[in-house]
Amino acid sequence: MIDYIDVPDAFAASYGTNGAGARAWLAGLPRLGGDLMDRWRLRPDGPAAHGMASLVLPVLREDGTPAVLRLQEVREESAGVVPGLRAWRGEGAVRLLDHDEEGGAQLLERLDATRTLASIADDDAAMRVLAGIMARLTSVPAPEGVRRLADIAAAMLDQVPAAVPALRDPDERRLVRTCASAVAELAGEPGDRLLHWDLHYGNVLAGEREPWLAIDPEPLAGDPAFELWPALDSEWERVEATGDVARAVLRRFDLLTEALGLDRGRAVGWTLGRVLQNALWDVEDGKAALEPAQVALATVLLRHRG
């Protein structure tokens, strides 16, 4: 019987800064993990890993099958993970084996965490894989229980007037207003497909059932064109290393829009919406300038939209 699990100090220290709710969840995490290990008859199978918001434990199921136990606080951004993974049924995404609705834990198939899509050196080849996965995921209608792009877009537009003055550079203020105008034009048709919301090279791992599978979704119901930004921004240093940022961005943009069959104008508009979203988050975090990669990406798309 496993009474508790060990929580890495680094994860506890970083996640504990997220407020009283996060600290309360951390306090109960050792016992929650132990209870789930017993309930699902799991055995530890290696050291724990963690990201910014979850703890991942390699485990073996009762029959010896490798899996991972993912422990994550139930929050707005994670509430749709289980409905999303169920809807995808392992088609292009990691397979959900079991879950604990009250505690927010998931038992997932084991993938190779040491091999992300970034391990493919040829950027065109990596982007084609990512585009193929994106096309599969967004072909699925969004189920009940996931957030809606319509609500996200409306909330962003409401925040713009207060956020824009916080930016020092007048050119960046104009860019944010341009992005907001693009969102306003599209907000009436937000779409109903199941989006991953954070599909980039680092969130695609090598597997045995399929060569590559998506992990860590933040499911959203919306237009597939809203998916493109994380892919366009993936491994940004690769884009810069080409010496021609515009050409590299447009190459990625073409591969993605062709694979998903997207209207280029809508794809530009919703990608500007992601730039807007990131800008609003930056301002909320107290920043007075946009990330250079965001400005560069938005500038390229605005110059070549059509």
Side-chain angles (χ1 to χ4, degrees), residues 51-52 92 112-138 167 169 171-176 178-179 182-183 195-206 211-217 223-282 287 289-306:
M52 294 179 62
D112 185 352
T114 67
R115 287 181 59 215
T116 73
L117 198 52
S119 64
I120 298 180
D122 184 320
D123 196 64
D124 275 6
M127 192 57 62
R128 286 191 183 98
V129 172
L130 190 61
I133 291 173
M134 190 181 294
R136 293 172 69 188
L137 298 184
T138 58
L167 296 171
D169 188 331
D171 288 339
E172 292 189 358
R173 293 198 291 268
R174 281 192 291 272
L175 177 60
V176 169
T178 298
C179 291
V183 172
L195 311 184
H196 181 288
W197 205 349
D198 196 24
L199 192 59
H200 54 77
Y201 288 171
N203 272 344
V204 178
L205 298 184
W212 299 101
L213 291 163
I215 63 166
D216 289 353
D223 189 323
F226 195 68
E227 283 282 72
L228 303 191
W229 174 81
L232 293 170
D233 189 60
S234 285
E235 299 290 313
W236 185 254
E237 61 273 14
R238 292 190 184 186
V239 174
E240 294 178 318
T242 66
D244 190 338
V245 168
R247 182 177 180 181
V249 166
L250 293 173
R251 176 63 177 163
R252 288 180 165 192
F253 184 76
D254 288 344
L255 287 171
L256 291 164
T257 54
E258 288 169 12
L260 275 68
L262 298 177
D263 174 82
R264 290 176 65 87
R266 291 183 67 84
V268 169
W270 279 124
T271 302
L272 294 176
R274 295 297 292 265
V275 174
L276 173 63
Q277 187 174 61
N278 290 326
L280 294 172
W281 285 337
D282 286 345
K287 297 178 181 178
L290 304 182
E291 294 293 331
Q294 301 290 312
V295 175
L297 201 155
T299 301
V300 169
L301 293 181
L302 283 167
R303 287 175 179 169
H304 295 86
R305 62 179 170 179

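In this text the structure is predicted, and so the values were computed from the model without any measurement.
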Qualifying residue, where the test is side chain to side chain contact (heavy atoms under 4.5 Å, CB included) with Asp171 and the options are Leu167, Asp169, Leu175: Asp169
Reported CH2-to-CG distance for the pair Trp212 and Asp112, which is rounded to 0.5 angstrom: 8.0 Å
Close side-chain approach of Ser234 and Arg252, heavy atoms under 4.5 Å: yes
Residue list, side-chain hydrogen bond (donor to acceptor under 3.5 Å, both in side chains) with Asp223, at least two apart or on another chain: Arg266, Trp270
Atom pair CD/CG of Glu235 and Leu117 - distance to nearest 0.5 Å: 9.0 Å
Thr257 side chain reached by Leu228 side chain, heavy atoms, under 4.5 Å: yes
Steps toward side chain to side chain contact (heavy atoms under 4.5 Å, CB included) verdict (His304, Val249): CA-CA 11 Å; His304 295 86; Val249 166; over 6 Å; no
With sequence neighbours excluded, residues passing side-chain hydrogen bond (donor to acceptor under 3.5 Å, both in side chains) with Asp244: none
Any side-chain heavy-atom pair of Leu205 and Leu213 under 4.5 Å: no
Side chain to side chain contact (heavy atoms under 4.5 Å, CB included) assessment of Val183 paired with Phe226: CA-CA 10 Å; Val183 172; Phe226 195 68; over 6 Å; no
Residues which pass side-chain hydrogen bond (donor to acceptor under 3.5 Å, both in side chains) with Arg173, listed by chain and number, not counting sequence neighbours: none
Shortest non-hydrogen contact from Leu272 toward Ala182: CD1-CB, 4.0 Å
4.5 Å side-chain heavy-atom contact, Arg238 and Tyr201: yes
Audit row: Asp123, Val239, side chain to side chain contact (heavy atoms under 4.5 Å, CB included) steps and yes/no: CA-CA 9 Å; Asp123 196 64; Val239 174; 5.7 Å; no
Thr242 and Arg247: CA distance, side-chain angles, deciding distance, side chain to side chain contact (heavy atoms under 4.5 Å, CB included) verdict: CA-CA 9 Å; Thr242 66; Arg247 182 177 180 181; over 6 Å; no
Closest non-hydrogen atom pair, Leu260 against Ala135: CD1-N, 3.9 Å
Check: His196 and Glu227 side chains under 4.5 Å, non-hydrogen atoms: yes
Side-chain (Asn203) to main-chain (Leu199) donor-acceptor, under 3.5 angstrom: no
Asp124 side chain near Leu255 side chain, heavy-atom distance below 4.5 Å: yes
Separation of Met134 CE from Arg136 CZ (nearest 0.5 Å): 13.5 Å
Separation of Leu130 CG from Leu256 CG (nearest 0.5 Å): 6.5 Å
By ring-ring contact (aromatic ring centres under 6.0 Å, His included) - contacts of Trp229 (at least two apart): none
Separation between CG of Asn278 and NZ of Lys287, rounded to the nearest 0.5 Å: 9.5 Å
From CG (Asp198) to CG (Asp216), nearest 0.5 Å: 8.0 Å
Of all pairs that satisfy ring-ring contact (aromatic ring centres under 6.0 Å, His included), the ones with a partner from residues 117-136, not counting sequence neighbours: none
Heavy-atom check, side chain of Val268 versus side chain of Phe253, under 4.5 Å: yes
Set of side-chain hydrogen bond (donor to acceptor under 3.5 Å, both in side chains) partners for Asp282, sequence neighbours left out: none
Trp197 side chain near Arg274 side chain, heavy-atom distance below 4.5 Å: yes
Shortest non-hydrogen contact from Leu195 toward Pro224: CD2-CA, 3.7 Å
